[in-house]
Each structure stands twice: as C-alpha cells, then as structure tokens.
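What follows is a short report on a single structure.
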Amino acid sequence: MTYETYTNPVLNADWSDPDVVRVGDDFYLTASSFGRAPGLPLLHSRDLVHWTLIGHALERLEPADEFRSPRHDCGVWAPSLRHHDDRFWIFWGDPDQGIFQVNAPRIRGPWSRPHLVKEGKGLIDPCPLWDDETGEAYLVHAWAKSRAGVKNRLTGHRMHPEGTAVLDEGKVIVDGDRIPGWFTLEGPKLYRHDGWFWILAPAGGVETGWQGAFRARDFFGPYEERIVLEQKDTEVNGPHQGGWVRTRSGEDWFLHFQQRGAYGRVVHLQPMRWGASGSAAGWPVIGDEGAPVLEHRRPDLPAGPPAAPATDDDFPGGRFGRQWSWTANPHDGLATQHSADGLRLTCVRTADAHDLRRLPSVLTQRLPGLPSAVEVELELHSEEPGARAGLAVLGDAFGWIGLQRGTDGAVHLVHRFAEAVAERERDAAHPRLAPRGRARLRIEIGTGARCRFAYDTGDGLCYSGPVFAATPWRWVGALLGLFALAPPGTGHAGAASFDEFRISPLRPL
C-alpha cells in the first residue's frame with residue numbers, strides 16, 4: 001500500500017530533543033533520556049515517518065552512584081548522533097558533570113562506556129563536527145544557567161579527531177544577548193554545507209520558541225542568523241530543536257519537537273529546502289515557508305509498513321521489552337526472571353513507598369500522545385502486610401491503582417495519588433477487598449492527559465476515584481509505571497506478577 005502523505009507528529013510521545021542521521025538507506029534517531037536507565041534510545045526508520053525502537057546506547061548512567069536514586073530532570077540532555085569513520089557517535093551534556101560521548105561500530109552496539117570529553121557545570125547540548133574538507137574536528141555546546149550562571153550563548157572548541165577531548169579553552173561563537181529579541185539560545189546542531197559552517201539552534205524556550213539558523217565561513221565566526229521555523233498561525237507551539245537529514249536522492253528534511261505538557265516533547269517531520277533566490281538565497285527554508293506543516297507529501301523513499309515504537313508487552317520469558325526503563329540505575333533484586341510468560345517484580349523494601357517519585361524501582365515507559373486505554377493484569381504474591389504493587393501515572397504529581405496486603409491478611413484494591421506539592425500519597429478512593437489477590441488494572445487517558453482509573457477483580461469493570469490530570473516533570477513528560485514495594489524490614493518480601501500490558505486507542509473523554 002502506498003502512502004502519499006504523512007501526518008505530524010510522526011512520533012507521538014516524549015522523544016525529547018531528537019537528533020537524526022542517515023547511513024546508507026537507514027535513518028537513526030536518538031533522544032534525551034534524562035535520569036532513566038537504560039538511556040539514549042535508538043530508533044530506526046527507512047522512510048522518516050515510521051519508526052521502531054531498536055535499543056539503547058547507554059546501559060546505565062555514570063558515575064553509577066550518582067544515579068542510584070531518581071534524578072528525573074538530570075542525566076542525559078539533548079544528545080547529538082553522528083556517523084564518522086565507520087562508527088556511530090553520540091555526544092550529550094550532563095548539566096552537573098560535563099560533556100560525554102559513547103561510540104560503536106554498529107548501531108546495535110556494543111557501545112563504549114561513557115567518556116568525559118569536557119568536564120564542567122552547565123555544559124549542555126553538545127554537537128561534534130568532523131570537517132572532511134580540512135580534517136579538523138570541532139565541538140559546539142550551549143549553557144544551562146541553573147548550573148553555570150550563564151545561558152543564551154554557544155561556545156565552540158577545536159576537538160581531538162578521536163572525539164576524546166577539546167583542544168582549547170573555547171570561544172563564544174554566538175552570543176544570543178547581542179541578537180535583538182533572542183533568548184534561551186541552546187540545542188545547537190553543527191553541519192558543513194555549501195562552503196559554510198551551519199549551526200541549527202533553537203531559542204525562545206521550549207513552549208514558545210523558534211528554530212534559528214546561523215552560518216559563517218569560519219567555524220569561530222562571525223555568524224549571521226535568521227529564524228527559519230516558527231509557529232506563525234499554526235497550532236504547533238514552540239517548533240524547534242532537532243536535526244537535519246538528507247536522503248540518498250537529495251531531499252532535505254528536519255525533525256524537531258513540540259512541547260505538549262504532560263505528553264512531553266513529540267516529534268514532527270518538516271520538509272526542508274535551501275533557498276535559491278531573494279532574501280532566502282542560501283538559507284534553509286523549513287516547513288511551509290517557515291511555518292510547521294501538519295500534513296505533507298511523504299519523503300521520496302520506499303514506503304514501509306506502518307510502524308511505531310512498541311508499547312504492548314506480554315513479558316515473554318519474564319523479560320520486559322525495550323520500551324521500558326527504570327527511574328534510576330537498576331540494581332540487583334528489582335526483577336526476578338523466570339521461564340513462564342509474565343513479569344515478576346520483587347517487592348522492594350523501602351521507607352519511601354508513600355512517594356513513587358523517590359523510588360528507583362519503578363519500571364516506566366512514555367505516556368501515549370493520543371487518547372488511550374492502558375491495561376495490565378496484576379497478581380500480588382506477597383504475604384507481607386503493607387506490600388503493594390500497581391500501575392501508575394508518574395510525574396511531578398502522580399496517581400496509581402493496584403493491590404496491597406492489609407494488616408488483616410486480605411488483599412485490597414487501592415487507588416492513591418499525590419499532588420505536586422505533597423510529600424506523600426493519600427487515598428483517591430476507599431480500599432476494597434480483592435479476594436482473589438489479582439486484578440485487571442486500567443487507566444483511561446483522555447484529552448489533556450486527564451486520567452480515569454478503573455479495575456476489574458472478577459465482577460466487571462469498576463471506575464475508581466475522580467479524574468486525575470497527569471503532570472510532567474520540569475523537562476520530562478509524564479510516565480506510565482509498574483512497581484512492587486514492601487515496608488522496611490529483613491528477608492524476602494515476596495513479589496508481584498504483571499502480564500498482558502496493553503495500550504489501545506480511546507475516544508476522548
């Protein structure tokens with residue numbers, strides 16, 4: 001079947017700060033993963049419209065001890081993906097440590113351990129360039145004011161050709177404070193085209209900003225600039241920060257994000273061309289003369305079958321799929337593998353069971369960007385009073401529904417939530433008996449990420465509590481989560497098993 005047009009977003013979930021590269025006939029994309037592990041997701045496409053998740057480049061964050069507990073808005077910020085010298089390279093900034101890179105001979109790895117290229121606070125959004133014309137290597141990065149005290153500027157370095165270190169102290173090559181009306185300049189992507197050094201970089205903030213382009217004959221400047229993509233009269237707010245890619249036939253395309261609140265940063269595909277005349281001569285023209293498109297002719301590439309990153313999971317062999325990440329570096333005892341289908345999570349003992357935001361043992365995936373129903377089968381195997389397990393919507397505020405072993409020895413269906421300012425959860429509905437110790441759990445996510453919780457303990461579907469509005473973290477969209485917990489103590493506290501995890505379309509509430 002031939003698809004003549006596509007509709008944005010092409011990735012309708014929180015694939016934040018995307019960057020893209022073509023190798024042969026294949027396109028690869030990575031995105032920010034912040035404090036989750038594994039991190040640096042790797043996506044693949046043949047047509048730039050349909051993408052599948054094929055793995056991760058970062059098994060765990062380093063230093064490992066720094067990420068034993070959740071640091072939801074820290075970790076991996078705005079990576080750049082490149083292919084050079086027959087290797088894949090990913091550079092990213094950790095705002096508290098500096099600029100890291102990993103590399104691999106193949107996209108599926110094995111990937112090297114993180115290497116610190118430049119140490120420092122507030123160094124973010126790095127992008128390398130190996131200049132085939134001169135043999136020089138360069139690196140550009142932005143600044144996080146929260147750590148460095150400065151922002152709205154881009155710093156350039158000469159870089160060791162092996163990507164291991166910068167070779168100078170760096171120079172501010174673009175100062176956004178000197179450009180009237182520009183603020184929060186960040187997220188640079190560095191290219192060489194038509195004899196110019198090009199930096200594609202957003203400004204103006206994630207919800208309201210625009211995409212800028214800068215060009216200079218010399219890497220260290222001076223650069224001239226212009227806005228090449230902005231909201232104009234469309235519904236696509238803050239269209240910016242992404243990557244340019246050229247197909248084998250010479251078509252140019254730009255992938256960028258749109259901030260959508262609790263849904264995070266969804267990814268759009270925009271046509272791109274190089275202006276041939278008038279004021280646009282030599283400059284990139286993105287979208288419909290600088291405005292984002294919602295529907296457009298497909299790239300001139302062989303049409304692949306409809307595909308999207310996986311969400312459903314039957315946990316074959318007791319293992320979870322690539323779509324899942326822990327909220328911090330994993331440690332022994334989080335999941336018990338077994339040969340039967342279904343995932344068995346150990347009830348992790350913790351004094352923080354009242355606040356899911358503090359726990360490294362929550363297994364998460366992205367909130368879907370369209371109205372959806374999320375379901376999972378849960379059985380609690382723990383006899384420990386206070387042991388619990390459930391299905392959560394996790395963000396700056398959170399809500400969950402699940403099972404808990406009571407002090408009376410019975411298993412209860414519980415539904416709890418916490419506001420963003422609250423330090424602990426409280427009941428969203430009165431607990432109910434779950435005599436079989438198992439339940440089918442359901443969250444219906446409507447427009448505006450309004451969530452309605454429900455359960456079935458054998459007597460049919462029942463709704464529970466009021467509607468809960470999902471919220472993002474500061475930089476991360478809301479997450480779906482599975483967990484199993486127990487009160488502090490000694491010895492094994494039992495486990496919970498999850499099966500038949502499903503996400504299906506839902507008509508808006």
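No side-chain N or O of Thr7 forms a donor-acceptor pair with one of Glu295 less than 3.5 Å apart. Side chain to side chain, Gln270 and His256 meet the donor-acceptor criterion of an N or O pair below 3.5 Å. Checked by atom type, the side-chain pair Asp168/His157 shows a donor-acceptor distance below 3.5 Å. Remark: the Ser16 side chain and the Asp14 side chain contain no N/O donor-acceptor pair separated by less than 3.5 Å. Side-chain contact check for Gln101 and Asn103: at least one donor-acceptor pair (N or O, by modelled atom type) lies under 3.5 Å.
Trp143 does not carry Arg153 over the face of its six-membered ring by the limits of under 6.0 Å from the centre and within 45° of the normal. With a 6.0 Å cutoff to the six-membered ring centre and a 45° limit on the axis angle, Arg192 counts as a cation-pi contact of Phe197. For the pair Arg82 and Trp89, the cation-pi test (distance below 6.0 Å, angle within 45°) is failed. Both tests pass for Arg71 against the ring of Phe67: distance under 6.0 Å to the centre and angle within 45° of the axis.
Sorted by first and then second residue, the pairs that involve residues 53-64 and meet side-chain hydrogen bond (donor to acceptor under 3.5 Å, both in side chains), not counting sequence neighbours, are Glu62-Arg113.
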Quiz: residues 467-477 side-chain donor-acceptor pairs under 3.5 angstrom, not counting sequence neighbours:
residue	atom	partner	partner atom	Å
Thr471	OG1	Asp396	N	3.4
Thr471	OG1	Ala397	N	2.9

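The shortest non-hydrogen separation linking Gln231 to Gly238 is OE1-N, 4.1 Å.
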